[in-house]
**Q** 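Quick one: this structure, given as structure tokens, is what I'll be asking you about.
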Amino acid sequence: MNTRSSLLGLAVAAAVAAILSDARWDAPADAATREPMFDRQTVAKGAQLAAIGNCAACHTQPGGKPYAGGRPLKTMFGTIYSTNITPDVETGIVAWSQGDFLRAMHDGTDRAGRNLYPAFPYDHFTRVTDDDVNAIYAFVMTRDPVHAVVPPNRLTFPMNLRPLLSAWKMLFFDRGVYRPDPTHGAQWNRGAYLVDGLGHCGACHTPRNSLGAEEKRQDLGGGEAEGWHATALDASSPTPLPWTAEQMFKYLRQGWDDSHGTAAGPMKPVSHDLSEVNEEDVRAIAAYLMWTMKQRHLRPASPAETLGGAAQTGEGAVIFEGACASCHGGSSASTPSTHTVPLGLTTSLNAPDPRNAIHIVLEGIWPESGESGAWMPGFEGALSADQLATLLAYLRAHFTSQPTWSDIASHLRETMQRKDRQ
Amino acid sequence: MIDLDINDRTQRIDADPNTPLLYVLRDHLGMNGAKFGCGLGQCGACTVMIDGEAVFSCVTPISVLKGRKIKTVEGLGTTSKLSVLQGAFIDEQAAQCGYCIAGMIMRAQALLEKNPAPSDAEIRRHMMPNLCRCGTHMRILRAVRRAAQNMRAARAQALPEKV
């Protein structure tokens, strides 16, 4: 046999082997042999949908490779680590079929049939149509495979037992794809589909019960995320100036609105992702939120609180003058390099608890590396905990007409101790 | 009147309590190391250390500084006896116009006092708030790395050899 024919034989053998291994659907296949399975249009659609779903935010750890998981998510029952959803053979989900992926999204079940923790918000993703889920599958399966082992979850007993989740699902999981509401128009329905489904806005913006399930009777009534307060998106929204659809659209896409403030904390990656989504979808989300902001929900009466007054001056006012006024003071609003929201309009100062204001004063506001955006210096280190509390009480009393925050010191302590702060 | 502990010396200051520390340093005490850049906490030229943390002195009123330890670049070293960071900045020729450098050195000092062996990512993240408009950021990063190495080497020499 000469060299030429033996090379040809090798090539044929390799081709046959490749075909055979690809024929076994769950066999490890490298990205090169898998990619042609998905057409460009589907992958592009999946990319848009993955941005609306903000998948990367949870499935990427700070400084890590996209979608390789490992990000710790603190829940009331312990820490859950997001999974590696890249098509890696050993540590990723390359072996998952389209059906496996659909089942995870719709039923909250992994490839082996085990219950998934609802930190993966399948209570929302179950609303997403098969077509859309399949497009996301195409997008995910065409990412660069990353070999990354995810640490095991650290959950308290009995929540570390996955079979228990069957009971949780029975109580709280309402399976089923979104059904359009014929009493509303196409844009409203598109918005509702994205907000309640893939966007899973309620995962943060809806309060949760003691078993970690969303209180559906208070849909979008205000919740929490990573130590931040997630503002109510129903009629209880604390904003002094009602949102318009145009403002909401800009805020969602650019992370900034002149009358409400900046998308900070866990909302920052959301607006970052939405900047890449087609305009119509973001407009639909904004339009739907204009409707939810009119909805009133019955909620437990909150304990009576005293109204703040001019009493909070003195030391707080002095700190404000020296630390904040050069940007936020009325007289210097014309400083060309600063562009601030009047403090009385900011959502964080009008919120029912001080956590967002604490985060912003401690850490400041800044764009991610390589991006442009609003900048505010953080004051951790410059101000002591007592001074921060004094300043926050002053800001609340002086700039808003809301009741005083009664628990600034404890929220401050809690926030400063958090390890997952940016 | 307010007493400030600056570079281990008590300074009695007669100024409004909402006066930014930077103005007191420069106008009352003639300590011109910290610079006025933007006055808005956006550039870092005014950076000093307070209780070991890097802080913008232009947005820090003196009212919050009672009983706290303030360190400025004047407290690090002298022309005849440079601090490790000052020496590294000269060795790497990290200054062009030099306006940002005192702030850069003080921010880096705060990092190296807490973390003697920072990774490149840690250095970049820590130095992020300070801007250099001449564009010597790469040299500044080199200087911080060199200073970290020199500090570790000096520490290793000071220790008795292992037996």
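As a basis for the values below, the full set of heavy atoms in this structure was taken, side chains included, without hydrogen atoms, waters or symmetry mates.
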**Q** Measuring heavy-atom distances to chain A, does Arg124(B) have an atom under 4.5 Å in its side chain, in its backbone, in both, or in neither?
**A**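 Neither part; nothing is under 4.5 Å.
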**Q** Which distance, rounded to the nearest 0.5 Å, do you find between the OG of Ser384(A) and the NZ of Lys66(B)?
**A** 11.0 Å
**Q** Considering residues, nucleotides and ligands other than Arg146(B), do more than 12 of their heavy atoms fall under 6.0 Å from its CZ?
**A** yes
**Q** Return the minimal non-hydrogen interatomic distance between Ser63(B) and Ile319(A), and the atom names on each side.
**A** OG-CG1, 4.3 Å
**Q** Counting only heavy atoms not in Arg68(B) (residues, nucleotides, ligands), do more than 12 fall under 6.0 Å from its CZ?
**A**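 Yes, the 6.0 Å shell around CZ holds more than 12 heavy atoms from other groups.
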**Q** Calculate, to the nearest 0.5 Å, the distance between atoms CG and CZ belonging to Asn18(B) and Phe320(A) respectively.
**A**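 If we round to the nearest 0.5 Å, Asn18(B):CG and Phe320(A):CZ are 11.5 Å apart.
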**Q** Please report the interatomic distance OG1(Thr19(B)) to CD(Glu321(A)), rounded to the nearest 0.5 Å.
**A** 10.5 Å
**Q** For the residue pair Gly39(B) and Ser326(A), what are the closest heavy atoms and their distance?
**A** O-OG, 3.4 Å
**Q** Does Trp375(A) reach the main-chain N or O of Pro129(B) with its side chain, forming a donor-acceptor pair under 3.5 Å?
**A**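 Absent.
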**Q** Give, as side chain, backbone, both or neither, the part of Val55(B) having an atom under 4.5 angstrom from any heavy atom of chain A.
**A**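 Interface part for Val55(B): side chain.
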